[in-house]
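Below is one structure; the comments refer to it alone.
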Amino acid sequence: MQTVTLIPGDGIGPEITEAVVNILKAAKAQIDWDIQSAGADVIEKEGTPLPARVIESIKKNKVALKAPVTTPIGKGFRSVNVQLRKALDLYANLRPCKNIDGVKTRFNNVDLVIVRENTEDLYAGIERQIDEDTAESIKIITRKASLRIAEFAFNYALKNERQTVHAVSKANICKMTDGLFLNCVREIAQKYPQIEYKEILVDNLCMQLVQNPNNFDVLVLPNLYGDIVSDLCAGLIGGLGIAQGANIGAETAVFEPVHGSAPDIKGQNKANPTALLLSAIEMLKYIRQNEIADNIQKSLYKTIKEAKVLTYDLNGNATTTEFANEIIKNLI
Ligand code: NAI
């Protein structure tokens, strides 16, 4: 048995978490869940959306599965997600983006991986109101964080038999910050002659991704570009409902979907749990429960390919619960 921290989050979080926990239980995953509430629902009781007990639990267990948590726009608390990534130094945000058989999209054979720096850039949260009509935000890029994310990207490429790493920046405009990022990636690229190294500006990348996504393999990006390009890539493979992710540090890993708490469909039992389930499958592989992970993955792909029981975002009309039950039925 492995103890894993479980953060059900808020919005659609608890609904998709219930579905995923039921699927993992049916597949006989050897997990003891250490359930830790966080987000909007705990603010009133505990005075913060991210109580210290959540961080302590992840530090102790070293691995977590996390559903989305709401961040109020323009006011209130700092994002729970950003705080968590910083507190645990989860410096790499890994977001594989691959077509799933049966999900109709504009392109076939999209198979790329986003490696997003997770601790700095405009996410440092250093902002101030200069006067009523002017505000500023400081973009921090450091050599340390850029070198380690580059190392992570090349190492990932090597271990996963990937061919090419693209460094993504806007170094023509942000000459110092993105320039530093780019120089660091170049430095690391020299240590990996087996991997082809290329550079692209983020605006050009966006245009090329929506025309020829098959031209890309591993992308390494500073935090903000990584965030935006991740959602674009989720769109390429069929939407946020199926886009998985993981935040990885030297000692700990938090697996979570790319999508947010989707307040527009909260409480309706219609959200697609696939993105959280794919994140959970990666988590199972991380804790070396590979057979169970494979069984769930096969069942999920079968369920989607058969297209009998699908959620609304995949053009079906099943509820979250019905979709999860179909996956359970298809387990071996
Ligand atoms: P969102 O990702 O929650 O939703 C965008 C659109 O995708 C919505 O129309 C939503 O209904 C749909 N969608 C998202 N997940 C889906 C699913 N599993 N199945 C079917 N449809 C799905 O993005 P939004 O609305 O910009 O953000 C809402 C909140 O989530 C914000 O407070 C934001 O800060 C937070 N957020 C949290 C994240 C996290 O916890 N890691 C990541 C991104 C956003």
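Atoms considered below: every heavy atom in the structure, side chains included; atoms not considered: hydrogens, waters and symmetry mates. Whatever order the structure lists ligands and atoms in, that order sets their numbers, starting from 1.
Under the 4.5 Å side-chain heavy-atom criterion for Ile, Leu, Val, Met, Phe, Trp and Tyr, Trp33 and Ile23 are members of the same hydrophobic cluster.
In summary, Arg148 and Glu151 do not engage in a salt bridge, as defined by a charged side-chain N under 4.0 Å from a carboxylate O.
There is a protein heavy atom less than 4.0 angstrom from atom 32 (O) of ligand 1. The protein reaches atom 41 (N) of ligand 1 closely, with a heavy atom under 4.0 angstrom from it. Within the 4.0 Å cut-off (strictly below), no protein heavy atom is located near atom 26 (O) of ligand 1.
Inspection of the Thr17 and Glu15 side chains reveals no N or O donor paired with an N or O acceptor under 3.5 Å. Of the N and O atoms on the side chains of Tyr192 and Gln190, not one donor lies less than 3.5 Å from an acceptor on the other residue. Side-chain atoms of Asn269 and Thr321 form a donor-acceptor pair, as typed in the model, at a separation below 3.5 Å. One side chain, Asn204 or Gln208, offers a donor N or O that lies under 3.5 Å from an acceptor on the other. The closest side-chain donor-acceptor pair between Thr3 and Asp34, if any, does not fall under 3.5 angstrom. Under 3.5 Å, the side chains of Glu256 and Asn247 contain a donor-acceptor pair of N or O atoms.
Classification of the Tyr91-Phe152 ring pair by plane angle, with boundaries at 30° and 60°, yields perpendicular.
Backbone and side-chain nitrogen or oxygen atoms of Asp313 are examined, and none is located within less than 3.5 angstrom of a nitrogen or oxygen of ligand 1. When only interatomic distances are considered, the shortest N/O to N/O separation between Gly260 and ligand 1 falls below 3.5 Å. Considering backbone and side-chain atoms together, Ala262 places an N or O closer than 3.5 Å to an N or O of ligand 1. Remark: ligand 1 and Val69 share an N or O pair separated by less than 3.5 Å (distance only, no angle test). On a distance-only criterion, His259 and ligand 1 share at least one N/O pair closer than 3.5 Å.
Contact atoms of ligand 1 toward Glu256: 41 (N) (distance under 4.0 Å to a heavy atom of the residue). Near Thr70, meaning under 4.0 Å from one of its heavy atoms, ligand 1 places the atoms 32 (O). Under a 4.0 Å criterion applied to the non-hydrogen atoms of Ile265, ligand 1 contributes the atoms 11 (O), 20 (C), 21 (N). The Lys66 neighbourhood of ligand 1 comprises atoms 39 (C), 40 (O), 41 (N), with distances under 4.0 Å to a heavy atom of that residue.
Counting only heavy atoms of the protein, atom 34 (O) of ligand 1 lies nearest to Thr71 CB, 3.4 Å. Atom 21 (N) of ligand 1 has as its closest protein heavy atom Tyr312 OH, 3.1 Å. The nearest protein atom to atom 9 (O) of ligand 1, hydrogens excluded, is given as Asp264 OD2, 2.8 Å; this is a heavy-atom distance. Looking from atom 30 (O) of ligand 1 to the surrounding protein, the closest heavy atom is Ser261 N, 3.0 Å.
With a 4.0 Å cut-off on non-hydrogen atoms, Leu240 touches ligand 1 through its side chain and not its backbone. Residue contacts with ligand 1 for Asn272 involve both N, CA, C or O and side-chain atoms from C-beta outward (heavy atoms, distance under 4.0 Å). Residue contacts with ligand 1 for Asn81 involve side-chain atoms from C-beta outward but no N, CA, C or O (heavy atoms, distance under 4.0 Å).
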Would Asp227 and Arg116 satisfy side chain to side chain contact (heavy atoms under 4.5 Å, CB included), going step by step from the backbone distance to the final call? CA-CA 7 Å; Asp227 185 22; Arg116 165 187 172 194; 3.6 Å; yes
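Using a 4.0 Å heavy-atom cutoff, Pro263 is listed among the residues neighbouring ligand 1. At least one heavy atom of Val258 sits closer than 4.0 Å to an atom of ligand 1. Using a non-hydrogen distance threshold of 4.0 Å, Lys270 does not register as a contact of ligand 1.
Enclosure of atom CE in Met176 is not indicated, since only 12 or fewer non-hydrogen atoms of other residues, nucleotides or ligands lie within 6.0 angstrom.
Residues Gly245 and Ser279 share a closest heavy-atom pair of N-OG, 3.4 Å.
The one candidate from Leu331, Ile332, Val20 that meets the side-chain contact (heavy atoms from CB on, under 4.5 Å) condition with Ile296 is Leu331.
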